[in-house]
2 protein chains.
Amino acid sequence: MNSSRPVTIKDIARRFRCSPSTVSRALNDHPAINEDTRKNIQEYAREVGYQRNEVSLSLLNKKTASLGVVVPTISNYYETAVIEGLHTVLQPMGYTLNICVTNESYLLEKESLSKLLSNRTEGIFLSVSQETYDAGYYEHLEHVIQRKTPLIFIDREYEDFETSRATVDDYHGAFAAVEHLISIGYKQIAHLKGPNGLTVSEQRFKGYINCLKKYNMPIREDLILNTNFNVESAILPTKRLLELASPPDAIFGVNDQVAIGAMRVAKDKGLRIPQDIGLVGFDNSPISAYTFPSLTTVHRPGRKIGMEASRLFLNQLNGSGDFAPESIVLPSELVIRESSLRI
Amino acid sequence: MNSSRPVTIKDIARRFRCSPSTVSRALNDHPAINEDTRKNIQEYAREVGYQRNEVSLSLLNKKTASLGVVVPTISNYYETAVIEGLHTVLQPMGYTLNICVTNESYLLEKESLSKLLSNRTEGIFLSVSQETYDAGYYEHLEHVIQRKTPLIFIDREYEDFETSRATVDDYHGAFAAVEHLISIGYKQIAHLKGPNGLTVSEQRFKGYINCLKKYNMPIREDLILNTNFNVESAILPTKRLLELASPPDAIFGVNDQVAIGAMRVAKDKGLRIPQDIGLVGFDNSPISAYTFPSLTTVHRPGRKIGMEASRLFLNQLNGSGDFAPESIVLPSELVIRESSLRI
DNA sequence: ATATTGAATGCAAACGTTTGAAAAAATTTC
DNA sequence: GAAATTTTTTCAAACGTTTGCATTCAATAT
């Protein structure tokens, strides 16, 4: 009843005046155990609420069935979608997910990884923090690799690193978005870029630039401003854009949040969307379908990424010694809605 | 180099022809160890990348420094804010968070709890799944309590249960929201209610009802419809509301998502917000400030809840044997924006 | 009656670490 | 140089579980 200390196999053994081995085997339905003994022990175990101490098993078998997920934040739709994807595949297999939020801090990222290794986590899913990017440090990642702990990049990656990764085709997504704006007839397309250096930002930026080039459209430096992935960070840059002598007639935001911020500013200024200004985001977050007007965006399959990343992890785990890292790039998909459909 | 098997204390002991005890003490800066021995061992350990096996320590000390977080979903703003709050307090103390998503399933919730107990998790933060509510089962929770594992309710709770809990004052938040609508002059206030049975839904509903009563406003059954916390689920009910012979002139949504769904439908119908119809949500999610018009809502301090829940856990952990559960109810706060400001 | 079989159980080691107590080694004291 | 003291190291047990091998005991076969 007031079992503050959990019941152990030894306790049960004492109760039945038998050895722990017998109890262990009885509980695991080992054939060499007498039917009656088995029944009695199992019944008693249930009665007192015995639960196997998995910690001791982890030590014995050197398997912890726990995985690390290290991400800069969990307050974005995409991140949580990825985590749900991981969860969907791995939870039924008995894995536990240890979530570590780095808040874009290098130090926290380093400490998190170290902690996960100490805990003998069997694999790590990582989306690199911005500070880590800026600093360019990566010894903490080397550590993980040396330990032969499967390391899978999700979303934000180090490009020159020999590991598996599951990412979305940001480049072509961005390209398609801008191409769409061009096809509609927008001429001065601005880009609210993400933080410099991050693969995600740069790939989308590259898609934007290359698309403009392909269609021989001028690239105007003053139409490219940085944001920080969140709504607030889009407000000032958008205001600046709209106050230009020659303002843009369309804005491609690095993600939906940013595009929604831009939408808000444009509307405040009395601009009609999409007539006066076209808008495109990125992510296809649930809200994007319900803004007014609804937001044209690029679908980014977060759940799928999580599920693919799980697959990559399992491959690596069951793979032979000389393991070749895999890169999965899922296609992104343009979702055309009202915010860009000027007729 | 190719250290597939992690280096152990024993390995180091072999290398220095000394006992594991010496190595352990050397690494922990035990004073009884010779200065030179200590230095040599520490240096070597660093060289080969030794990392303490925390699993063995967990077994020895019966402390795992891991906590369970069991929630129906992580794709809502509020849930992730709570998790970030937990993380903020507990991560620096060395705790690891094991996230379990139940997808509103009773079975998954039960299995998750059982797994966490098996893993000797030191505390569990729980937001009850809807199925569990509907079914009214709670033996799996009794289990947790019997084990004297601190159980803290966050968000969704069982009311008749002797545990600590950190929740937001939904009732008064809802009351304030409706009172505000009334003060502005709205007469026919509809409510897009959450799923029946959940404390959250019912408390907000009660706030709505009691406020109407207080101001002697008629309670119209046809103005109360159920939704499911997400945007999509608000679409049809809102359409129905607006097609009534005597449609509402304001809608109080159970959360921001629902209110945003309603906003979209209202705009599609050509209604002006807030002139033709007033709107209020709940949560103060980041997006709510940037919709057009911006959404009046009730602030729900998710991060704070997470931090308070952490405190409750720590209290219980350090508390004496006869522990009295604490209930923390944080105030919610009306945030008035454009969607309800009819002049 | 003895050997043979078979069933049921126990022993001991292992996983990696810590820690009190004992032992060994080095140093000091007289 | 022996005794006393201090410093340093080792021993052994513990945490909870599993598992190959050995052991026990009863039943059957010879």
Side-chain angles (χ1 to χ4, degrees), chain A residues 3-42 44-45 48-66 94 115 117-122 147, chain B residues 3-42 44-45 48-66 94 115 117-122 147:
Chain A
S3 52
S4 130
R5 190 178 61 88
V7 180
T8 72
I9 267 190
K10 286 186 187 175
D11 296 329
I12 302 181
R14 240 188 313 275
R15 161 75 173 65
F16 282 91
R17 288 186 223 296
C18 69
S19 73
S21 339
T22 303
V23 177
S24 169
R25 287 196 251 258
L27 293 174
N28 292 321
D29 288 324
H30 193 284
I33 293 293
N34 182 286
E35 184 67 9
D36 286 344
T37 322
R38 212 204 63 200
K39 263 192 195 156
N40 288 335
I41 290 183
Q42 289 194 350
Y44 180 75
V48 296
Y50 169 79
Q51 251 172 329
R52 233 238 260 43
N53 184 334
E54 293 287 347
V55 177
S56 75
L57 259 199
S58 294
L59 182 59
L60 187 62
N61 298 334
K62 305 183 178 208
K63 291 201 173 165
T64 55
S66 75
K115 187 119 193 299
L117 287 181
S118 267
N119 288 336
R120 299 298 188 262
T121 300
E122 291 181 41
R147 268 291 184 63
Chain B
S3 51
S4 131
R5 188 178 62 90
V7 180
T8 73
I9 267 191
K10 287 186 187 175
D11 296 329
I12 302 182
R14 241 188 312 275
R15 159 77 172 64
F16 281 92
R17 287 186 223 294
C18 69
S19 73
S21 340
T22 304
V23 178
S24 168
R25 293 198 166 100
L27 292 174
N28 292 323
D29 288 324
H30 193 284
I33 293 294
N34 183 283
E35 184 68 6
D36 286 344
T37 324
R38 212 206 63 200
K39 263 192 194 157
N40 288 334
I41 290 182
Q42 289 194 351
Y44 180 74
V48 298
Y50 169 79
Q51 250 171 329
R52 192 130 96 311
N53 184 334
E54 294 286 347
V55 177
S56 75
L57 260 199
S58 293
L59 181 59
L60 187 60
N61 299 333
K62 304 181 178 211
K63 291 202 174 164
T64 55
S66 75
K115 187 118 192 298
L117 288 181
S118 267
N119 288 336
R120 298 301 186 260
T121 300
E122 292 181 39
R147 268 293 183 62

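Chain naming here is simple, since letters A, B, ... match the order of the sequence lines and numbering starts at 1 in each. Just so it is clear, the values below take in all heavy atoms, side chains as well, and ignore hydrogens, waters and symmetry mates.
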Undergrad: Under 4.5 Å between any side-chain heavy atoms of B:Val23 and B:Phe16, yes or no?
TA: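 When only atoms from C-beta onward are counted, B:Phe16 and B:Val23 do not touch, as no gap falls below 4.5 Å.
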Undergrad: Please report, rounded to the nearest Å, how far the C1' atom of C:dG10 is from the CD1 atom of A:Ile9.
TA: 14 Å
Undergrad: Heavy atoms only: give me the nearest B:Tyr50-B:Ile9 pair and the separation to one decimal.
TA: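 For B:Tyr50 and B:Ile9, the tightest heavy-atom pair comes out as OH-CG1, 3.4 Å.
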Undergrad: A:Ser19 and A:Ala13: which non-hydrogen atoms are nearest, and at how many Å?
TA: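 Heavy atoms of A:Ser19 and A:Ala13 come nearest at C-CB, 3.9 Å.
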Undergrad: Just checking B:Thr8: base, sugar-phosphate only, or nothing, at a heavy-atom cut-off of under 4.0 Å?
TA: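 The answer is sugar-phosphate, as B:Thr8 gets under 4.0 Å only of primed atoms, P, OP1 or OP2.
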Undergrad: Is the shortest heavy-atom distance from the side chain of A:Leu59 to the side chain of B:Asn53 under 4.5 Å?
TA: yes
Undergrad: Using a distance-only criterion (donor-acceptor N/O pair, under 3.5 Å, no hydrogens), is the base of C:dC11 paired with the side chain of A:Ser21?
TA: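 Side chain to base: pair present.
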Undergrad: Is the shortest distance from a Lys or Arg side-chain nitrogen in B:Asp11 or B:Arg14 to a carboxylate oxygen in the other one below 4.0 Å?
TA: yes
Undergrad: To the nearest Å, give me how far apart NZ (A:Lys39) and P (C:dA8) are.
TA: 14 Å
Undergrad: Of all the nucleotides listed (C:dG10, C:dG16, C:dT18), which has the minimum atom distance to the side chain of B:Ser24?
TA: C:dT18
Undergrad: Could you check which of D:dT17, C:dT17, D:dT10 has an atom nearest any side-chain atom of B:Ser19?
TA: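 Between D:dT17, C:dT17, D:dT10, the one nearest the side chain of B:Ser19 would be D:dT10.
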Undergrad: Could you state the atom-to-atom distance from CG of A:Asp29 to C1' of D:dT17 in whole Å?
TA: 16 Å
Undergrad: Sugar-phosphate atoms are those with a prime plus P, OP1 and OP2; base atoms are the rest. Using that split, label each nucleotide of nucleotides 22-27 of chain C B, S or - for protein heavy atoms under 4.0 Å, 5' to 3'.
TA: ------
Undergrad: B:Lys62 has a side chain; which of D:dT17, D:dG16, C:dG16 sits nearest to it?
TA: D:dG16
Undergrad: DNA chain C: B:Arg25 or B:Gln51, which has the more 5' nearest nucleotide?
TA: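 The residue mapped nearer the 5' terminus is B:Gln51.
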Undergrad: Distance check needed: D:dC15 C1' versus A:Asn53 CG, whole Å only.
TA: 8 Å
Undergrad: Which nucleotide sits closest to the side chain of A:Leu60: C:dT18, D:dT10, D:dT18?
TA: D:dT18
Undergrad: For the helix from C:dA1-D:dT30 to C:dC30-D:dG1, figure out the bend between the end axes, five pairs an end, and round to 10 degrees.
TA: 70°
Undergrad: Side chain of B:Asn34 only, please: which of D:dT8, C:dG16, D:dT17 is the nearest?
TA: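 Of the candidates, D:dT8 comes closest.
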Undergrad: Regarding A:Tyr50, tell me which of base, sugar-phosphate or nothing describes its non-hydrogen contacts under 4.0 Å with the strands shown.
TA: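 Here A:Tyr50 touches the backbone only, sparing every base.
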Undergrad: Separation of B:His30 atom NE2 from D:dT9 atom P, in whole Å?
TA: 12 Å
Undergrad: Considering every strand and a 4.0 Å limit on heavy-atom distances, what is the contact class for A:Ser58: base, sugar-phosphate, or nothing?
TA: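 The answer is nothing, as A:Ser58 stays clear of every strand by at least 4.0 Å.
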Undergrad: Heavy atoms only, 4.0 Å cut-off, all strands: where does B:Leu57 land among base, sugar-phosphate and nothing?
TA: sugar-phosphate
Undergrad: Tell me the closest heavy-atom pair linking B:Gly94 and A:Lys115, and the distance in Å.
TA: O-NZ, 2.8 Å
Undergrad: Return the 5'-most residue of the pair B:Arg17, B:Leu59 with respect to DNA chain D, ranking by each residue's nearest nucleotide.
TA: B:Arg17
Undergrad: Starting the side chain at C-beta, find the nucleotide from D:dT18, D:dT19, C:dT18 nearest to B:Asn28.
TA: C:dT18
